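Down below is the structure, laid out as structure tokens.
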Amino acid sequence: MRVLVCVDVSFFAAVDAAGVFDDQEDFVEPGIRRATLPAWRLPPVRDNEVMAGDERSGLGEYLRHHRSEMAPRNRPGASPLSHRRVPGLRRQELADIAGISVEYYTRLEQGRASRPSREILTALARAFQLSNAERDHLFRLADERTPRPPAPAADIRPGLRHLLDSLDDTMPVTIHDGRLDMLAFNVAAAELFGPVFDDGPYGHNIVHQAFTSAGLREVLGNEGAEQLSRVAAAELRKALGLYPEDKRLRSLFRELSASGTEFGRQWERGEIGTWRSAMKRVNHPTKGLLAFDSEMLHDPENDHWVMLFTPRRA
């Protein structure tokens, strides 16, 4: 049952950062938005479009900085060179690694080139061995949308895993990913929510459990279960916008659409959840009704969500 509460209203956030919305939105109520424009409706970017002076300068400086940080020995098959007048790789060496012409790369550094294509930016990020954050900054400097991974990361960062375990005696904690799959929970969360998951193909998916778990209303009560199903549908819409080619999410949507009227009723609201915080009431199997303030934290690089449940004082 760790999953169910996790998907509750407080579980949702950062839709704008995902790029799902245009600037126009219809606010239904605090924390819930209804999209009025198609997802991902962004103007096309032409490869030959000329960048503004500040953009060209910023991109050129960024490229020069990373080139200066690359030692020649980092080039595949190259021998270390001990004496050079300037640090880093030569432009020709970097262009060779990226698979582009040195003339075009030189123009990019000097701010004289047209807007680079996404393919060129991807090749440069690979040549520089950029982290995801550094790669995204490169794309933003070129006024391009940052690349979207095909799916959330499979592995939890060790630091988050340690946080999870260290709070066993303090509060329930769960971790799920951007596809709404539960990845981990600590002992306190397992004790609180109980065996909500099953061994089915979507047994660890929060949205699936929100609409199919038989014991949901016993744990959350009628009001909490209704709120959860509403936000679960909204969060699934966000996930499908972030990962439109994900076969698992598309299959989940088809199954829920065919399963009954409750999912269809919630889906027809057209909402996307944006709440990070909420107050939850949960029926503990031995301690009775408990109240928690929930807070959701996001690891954007892996698209993992940490849900903290702080017990409310009586």
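Here, residue 1 is the first one in the sequence, and each next residue gets the next number. What you are looking at is a predicted structure, and each value in this text was computed from that prediction instead of being measured.
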Only pairs at least two apart or in different chains count here, so list each ring pair (Phe, Tyr, Trp, His ring centres under 6.0 Å) that has a residue in residues 105-125. none
Using only atom types and a distance under 3.5 Å, with no angle test, would you say the side chain of R237 pairs donor to acceptor with the backbone of E271? yes
Nearest non-hydrogen partners of P150 and Y243, listed with the distance: O-CD2, 3.4 Å
In terms of hydrophobic clusters joined by side-chain contacts under 4.5 Å, are M171 and L297 together? yes
I'd like to check the side-chain contact (heavy atoms from CB on, under 4.5 Å) partners of S251; sequence neighbours left out, ordered by chain and number. Y202, R254
Between T146 and N132, is a side chain to side chain contact (heavy atoms under 4.5 Å, CB included) present by the stated rule, with each step listed? CA-CA 10 Å; T146 57; N132 289 346; over 6 Å; no
Is it the case that the side chain of S229 and the backbone of F211 share a donor-acceptor pair, with hydrogens and angles ignored and the cut-off at 3.5 Å? no
Between atom CG of L94 and atom CZ of R67, what is the distance when rounded to the nearest 0.5 Å? 7.0 Å
R250 and P244: which non-hydrogen atoms are nearest, and at how many Å? NH1-O, 3.0 Å
Go through the structure and list residues passing side-chain contact (heavy atoms from CB on, under 4.5 Å) with S257, not counting sequence neighbours. F253, F263
Of all heavy-atom pairs linking I156 and A184, the shortest is CD1-CB, 3.7 Å
Could you work out, with salt bridge (Lys or Arg N to Asp or Glu O under 4.0 Å) as the rule, every residue matching E262, not counting sequence neighbours? R265
Got a second to check how far H298's NE2 is from H304's NE2, nearest 0.5 Å? 8.5 Å
What residues form a side-chain contact (heavy atoms from CB on, under 4.5 Å) with E103, not counting sequence neighbours? S101, R107
If you look only at pairs with a residue in residues 157-172, which of them pass as a salt bridge (Lys or Arg N to Asp or Glu O under 4.0 Å), with sequence neighbours excluded? R157-D299
Between Q227 and R230, a side-chain donor and acceptor under 3.5 Å: no
Atom pair CD1/CG of I175 and L164 - distance to nearest 0.5 Å: 4.5 Å
Quick one, R91 with E109, criterion salt bridge (Lys or Arg N to Asp or Glu O under 4.0 Å). Give me CA distance, side-chain angles, the key distance, then yes/no. CA-CA 9 Å; R91 286 173 177 155; E109 278 201 0; 2.9 Å; yes
Apply side chain to side chain donor-acceptor pair (under 3.5 Å) to S131 and list each qualifying residue two or more places apart in sequence or on a separate chain. E134
When the side chains of residues 285-293 are checked against the rest of the protein, which donor-acceptor pairs come out under 3.5 Å, sequence neighbours left out?
{"residue": "T286", "atom": "OG1", "partner": "H284", "partner atom": "ND1", "Å": "3.2"}
{"residue": "D293", "atom": "OD1", "partner": "R312", "partner atom": "NE", "Å": "2.8"}
{"residue": "D293", "atom": "OD1", "partner": "R312", "partner atom": "NH2", "Å": "3.2"}
{"residue": "D293", "atom": "OD2", "partner": "R312", "partner atom": "NE", "Å": "3.3"}

Do the side chains of L63 and L138 get nearer than 4.5 Å, heavy atoms only? yes
Side chains of T310 and T170 in contact at under 4.5 Å (non-hydrogen atoms): no
Would you say the side-chain atoms of Q92 and R90 include a donor-acceptor pair closer than 3.5 Å? no
Would you call L167 and L163 a side-chain contact if the rule is heavy atoms closer than 4.5 Å? yes
Crowding at CZ, R281 (>12 non-hydrogen neighbours, <6.0 Å): no
Heavy-atom pair with the smallest gap, counting every atom of A98 and A123: O-CB, 3.4 Å
Sequence neighbours excluded, which residues qualify as salt bridge (Lys or Arg N to Asp or Glu O under 4.0 Å) partners of R248? D181
For S68, side chain to side chain donor-acceptor pair (under 3.5 Å) partners two or more places apart: none
By the ring pair (Phe, Tyr, Trp, His ring centres under 6.0 Å) test, which pairs, at least two apart or in different chains, include something from residues 113-143? Y62-H137, H66-F128
CG-CG distance between L252 and L180, expressed to the nearest 0.5 angstrom: 8.0 Å
When rounded to the nearest 0.5 Å, the distance separating CD of Q110 from CG of L59 is 12.5 Å
Salt bridge (Lys or Arg N to Asp or Glu O under 4.0 Å) partners for D246, two or more places apart: R179
If I take atom CG from residue L121 and atom CZ from residue R126, how far apart are they, to the nearest 0.5 angstrom? 11.5 Å
Between the side chains of E144 and R115, is the shortest nitrogen-to-carboxylate-oxygen separation below 4.0 Å, so that they form an ion pair? no
Between the side chains of Q209 and N205, is a donor N or O closer than 3.5 angstrom to an acceptor N or O? no
Do E69 and Q129 get their side chains close enough for a donor-acceptor pair, meaning under 3.5 Å? no
Side-chain (R217) to main-chain (N222) donor-acceptor, under 3.5 angstrom: yes
Going through the distances and angles, do S294 and M279 end up as a side chain to side chain contact (heavy atoms under 4.5 Å, CB included)? CA-CA 6 Å; S294 64; M279 192 278 285; over 6 Å; no
A side-chain contact here means heavy atoms from C-beta on lying under 4.5 Å apart; do L89 and I97 qualify? yes
In the single-linkage hydrophobic clustering (I, L, V, M, F, W, Y; side-chain heavy atoms under 4.5 Å), do L124 and V102 co-cluster? no
Side chain to side chain donor-acceptor pair (under 3.5 Å), that's the test. Do H208 and T212 meet it? Break it down for me. CA-CA 6 Å; H208 187 268; T212 63; 3.2 Å; yes
Taking all non-hydrogen atoms of both residues, which atom of D303 and which atom of P152 are closest, and how far apart? O-CB, 4.0 Å
Of all heavy-atom pairs between I206 and M182, which one has the smallest distance, and what is that distance? CD1-CE, 4.2 Å
Given side chains that start at C-beta, do those of Y104 and I120 come closer than 4.5 Å, heavy atoms only? yes
